[in-house]
Amino acid sequence: MMEEEEGAEEQQRFSYRQRLKAAVHYTVGCLCEEVASDKEVQFSKQTIAAISEVTFRQCENFARDLEMFARHAKRSTINTEDVKLLARRSNSLLKYITERNEDIAQFNLERKAKKKKKLEDENKNSVEPAEAGAVESED
Amino acid sequence: MRGRGSGRRAQGSLAEGAGAGLRKTRVLAAVMEETGAGFRKELVSKLLHLHFKEDKTKVSGDALQLTAELLKIFVIAAIRSVRQAQAEELGCVDLDQLEKVLPQLLLDF
């Protein structure tokens, strides 16, 4: 009975892994298509599958490294500094990732400011009609 | 699109980069131009959590976005180097080309 349950759990974990692999495979396929479209090169199914497999395994390295980096900094949350450390092996890659990080931070900052402004505007709008209503009722 | 400018800037520095092989430089430079498709944040999050040793480990939103970017560059670098290797030596299966470029790719990431 116990063995059966364990087997079922194992099976579930395996199928979850396969589903994630399939998602990676799909994304790799999309990227392949995009890269191939401007030069009219076709990649074989095996090559796409192989790149997907390598990417999936590489994720394991990334995850382990990121976890270790965060723990080394005595954090339990991984932040962008940890991701930048992942790109330390190639100068140009590190430079690009650092710039991308700044872009993302800037973008999120702007989005937050916009959201805040929108929220404030909404508050103003919702307050004003109420006041108008109050004035009307006084009449 | 956002980030296209920074891609160009990175390319400039790549041309100056000493030490790096010419082919590698070309591939990475081409990779850093913006493309549409990419890894979704949810997928990256699940992939990372699958391999974490401790359950309490969390990932910030910005870090997820940046990791997605890194993964995309990894995949595109793989694709472009296979294509480059193919262009230099015709009449070969692309799986063989992948085997040839894989060591350099894994040393870069």
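Per chain, numbering begins at 1; letters A, B, ... match sequence-line order. Below, each value reflects all heavy atoms present in this structure, side chains not excepted, and no hydrogens, waters or symmetry copies.
Residues B:A63 and A:I78 approach most closely at CB-O, 3.6 Å, considering heavy atoms. Closest non-hydrogen pair, A:T27 versus B:G38, comes out as CG2-O, 3.4 Å. Heavy-atom minimum distance, A:T55 versus B:F39: CG2-CZ, 4.0 Å. The nearest pair of heavy atoms linking B:H51 to A:R64 is O-NE, 3.8 Å.
Of the two parts of A:R75, neither the backbone nor the side chain holds a non-hydrogen atom closer than 4.5 Å to a non-hydrogen atom of chain B. Only the side chain of A:N108 has a heavy atom closer than 4.5 Å to any heavy atom of chain B. Of the atoms belonging to A:L66, it is side-chain heavy atoms, and not backbone ones, that fall under 4.5 Å from chain B. The contact between A:S76 and chain B is made by backbone and side chain atoms together, counting heavy-atom distances below 4.5 Å. Both the backbone and the side chain of B:E54 have a heavy atom closer than 4.5 Å to some heavy atom of chain A. With a threshold of 4.5 angstrom between heavy atoms, A:A70 does not approach chain B through any atom at all. Only the side chain of B:L102 comes within less than 4.5 Å of a heavy atom in chain A; its backbone stays farther off. Of the atoms belonging to A:Y16, it is side-chain heavy atoms, and not backbone ones, that fall under 4.5 Å from chain B. For A:E81, no part lies under 4.5 angstrom from a heavy atom of chain B. For B:L98, the part sitting under 4.5 Å from any heavy atom of chain A is the side chain, from C-beta outward, and nothing else. Contacts of B:L64 with chain A are absent, with no heavy-atom separation under 4.5 Å from either backbone or side chain.
Taking B:S45 as the reference, nothing meets the side chain to side chain donor-acceptor pair (under 3.5 Å) condition, with sequence neighbours excluded.
Side-chain contact annotation: B:D94 with A:T47, donor-acceptor N/O pair under 3.5 Å present. Under the 3.5 Å distance criterion, with hydrogens and angles disregarded, no donor-acceptor pair is assigned to the side chains of A:N79 and B:D62.
To the nearest 0.5 Å, the span separating CD1 on A:I97 from CG on B:L70 amounts to 4.5 Å. The CG atom of B:L66 sits 8.5 Å away from atom NZ of A:K84, with the distance rounded to the nearest 0.5 Å.
Inter-residue side-chain proximity for A:V54 and B:L106 is flagged as met; some heavy-atom pair is nearer than 4.5 Å. Counting only heavy atoms from C-beta outward, the side chains of B:L47 and A:V24 approach each other to under 4.5 Å.
In the hydrophobic cluster analysis, where Ile, Leu, Val, Met, Phe, Trp and Tyr join through side-chain heavy atoms closer than 4.5 angstrom, A:L94 is grouped apart from B:L71. At a threshold of 4.5 Å between side-chain heavy atoms, the hydrophobic network of Ile, Leu, Val, Met, Phe, Trp and Tyr places B:F74 and A:F69 in one connected group.
Along residues 113-121 of chain A, no residue comes nearer than 4.5 angstrom to chain B, judged on non-hydrogen atoms.
Using the six-membered ring where Trp is involved, B:F109 and A:F62 have ring planes that are tilted, between 30° and 60° apart.
Around the CZ atom of A:R57, the shell of radius 6.0 Å holds no more than 12 heavy atoms that belong to other residues, nucleotides or ligands.
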